[in-house]
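Please read the structure below before turning to the comments.
Order of listing sets the numbers, starting from 1, for every ligand and every atom in it.
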Amino acid sequence: MRHWPLTQLTLTTPDLVLRVPDDAQLDELAQVAADGVHPPGAVCFPQSWASGTPEEAASNVVQNHWWARGDWNDDNWRLLLAVLHDGQVIGQQNLSARDFRITREARTGFWLGRRFQGQGFGTQMRAAALHLAFTSLGAERVTSTAFADNAASRRVSEKLGYTPNGVRRLAVDQHLVEAHEAVLTAERWHRQAQQPILAEGFDACRHMFGVLAAPEPVDVVRHV
Ligand SMILES: CC(C)(COP(=O)(O)OP(=O)(O)OC[C@H]1O[C@@H](n2cnc3c(N)ncnc32)[C@H](O)[C@@H]1OP(=O)(O)O)[C@@H](O)C(=O)NCCC(=O)NCCS
């Protein structure tokens, strides 16, 4: 789409492609959510968008994408990317920020359909978002939050070099949950071995993130 440059952005990892979904892919993504993201009763997100009926979960996904597009602002943006494996939509990777041009800080969120979990895809999709944040956007910090009992999400952060950044208490569905915050700095990211990730089409949409100049190139980039 010529007049929504984010549709030109594509991130490619060894096994995955991440992009703003077209209508057919958004429908597929909604079906992945309808088929289940977490076991019944599990609490993974501050808003329980995936806890209702399959129809509610699917509709929440579609509306969330439409809302994030409609609400997009270069001072307050939420990039919601569909994650594809072998051409099949398997989940969603988010990267968002408020006042990024000043804070240089972004945050991530992610989910996969249950049948696609535990195969290393979560780590690759988060790494793709980190590549976009640090290499394309010039972020200085990226944060992630996972509830205390979300071992998979917390392990992904640990594997990618995040360090603990405190614990917050939240009420979700009238229950107390502990949200563990983690942070990864650009300095640490650039120092460690990285998966080969390609970001294409970013120049066309750079301005949409409130970033006008390309970040300084970093000399030391090692690949695993
Ligand atoms: C969180 C999520 C995106 C991670 O994706 P994934 O593809 O399952 O993650 P990966 O396979 O790349 O890595 C998961 C890691 O956690 C580990 N792990 C998973 N469950 C675990 C458990 N119960 N105890 C300890 N470690 C666990 C895995 O062994 C793996 O680590 P390893 O590579 O060192 O063996 C996915 O599990 C998911 O969608 N969960 C439901 C939604 C959700 O919780 N979203 C995040 C909200 S913060």
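- Those atoms of ligand 1 with a heavy atom of F121 less than 4.0 angstrom away are 7 (O), 12 (O).
- Between the side chains of D23 and Q25, not a single donor N or O lies within less than 3.5 Å of an accepting N or O.
- Remark: minimum distance from atom 24 (N) of ligand 1 to any protein heavy atom is reached at A151 CB, 3.3 Å.
- Nearest protein heavy-atom contact of atom 12 (O) of ligand 1 is T123 OG1, 2.5 Å.
- For the 3.5 Å distance criterion, the side chains of H65 and Q92 qualify, holding a donor opposite an acceptor.
- Atom 8 (O) of ligand 1 has G118 N, 2.8 Å as its closest protein atom, hydrogens excluded (heavy atom only).
- Annotation: side-chain hydrogen bond (donor to acceptor under 3.5 Å, both in side chains) contacts of Q117 (sequence neighbours excluded): none.
- A donor and an acceptor atom, one from each side chain of H180 and R154, are located under 3.5 Å apart.
- Here W49 and W111 bring their ring centres to under 6.0 angstrom of each other.
- Scanning all protein heavy atoms for the shortest distance to atom 33 (O) of ligand 1 gives K159 NZ, 2.7 Å.
- In this structure, of L112, N94, V43, I90, the residue bringing a heavy atom nearest to atom 39 (O) of ligand 1 is L112.
- In summary, the atoms of ligand 1 found under 4.0 Å from a heavy atom of V37, numbered by their order in the structure, are 41 (C), 42 (C).
- Within the 3.5 Å criterion, the main-chain N or O of E56 finds a donor-acceptor partner in the side chain of N60.
- Distances between N or O atoms of V156 and those of ligand 1 include no value under 3.5 Å.
- The protein does not reach atom 29 (O) of ligand 1 closely, with no heavy atom under 4.0 angstrom from it.
- In terms of protein heavy-atom proximity, atom 7 (O) of ligand 1 is closest to G122 N, 2.8 Å.
- The backbone and the side chain of Q117 each have at least one atom closer than 4.0 Å to an atom of ligand 1 (non-hydrogen atoms only).
- Between R155 and ligand 1, an N or O atom pair is found at a separation short of 3.5 Å.
- In summary, R168 and E181 engage in a salt bridge, as defined by a charged side-chain N under 4.0 Å from a carboxylate O.
- Each of the atoms 48 (S) of ligand 1 lies under 4.0 Å from some heavy atom of T145.
- Residue A152 holds the heavy atom nearest to atom 20 (N) of ligand 1 of all those in A179, A152, S153.
- In this structure, atom 35 (O) of ligand 1 has its sub-4.0 angstrom surroundings free of protein heavy atoms.
- In terms of polar-atom proximity, W111 is not counted as a contact of ligand 1, lacking any N or O under 3.5 Å from an N or O of the ligand.
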For residues 2-11, run the donor-acceptor check on the side chains, cut-off 3.5 Å, and write out each pair with its distance to 0.1 Å, sequence neighbours left out.
{"residue": "T7", "atom": "OG1", "partner": "M1", "partner atom": "N", "Å": "3.3"}
{"residue": "T7", "atom": "OG1", "partner": "M1", "partner atom": "O", "Å": "3.2"}
{"residue": "T7", "atom": "OG1", "partner": "W4", "partner atom": "O", "Å": "2.7"}

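- Under the 3.5 Å distance criterion, with hydrogens and angles disregarded, a donor-acceptor pair is assigned to the side chains of R126 and S157.
- For ligand 1, the polar-atom distance check finds an N/O of N150 within less than 3.5 Å of one of the ligand's N/O atoms.
- In terms of N/O distances under 3.5 Å, ligand 1 is not approached by F45.
- The protein heavy atom nearest to atom 2 (C) of ligand 1 is F110 CZ, 4.1 Å.
- Between F209 and W72, the ring centre distance stays below 6.0 Å.
- Note on D71 versus R78: salt bridge recorded, some NZ/NE/NH1/NH2 to OD/OE distance being below 4.0 Å.
- With hydrogens left out, the protein atom closest to atom 11 (O) of ligand 1 is G120 N, 2.9 Å, a heavy atom.
- Salt-bridge check for R114 with D35: failed, with every basic side-chain N at 4.0 Å or more from each acidic carboxylate O.
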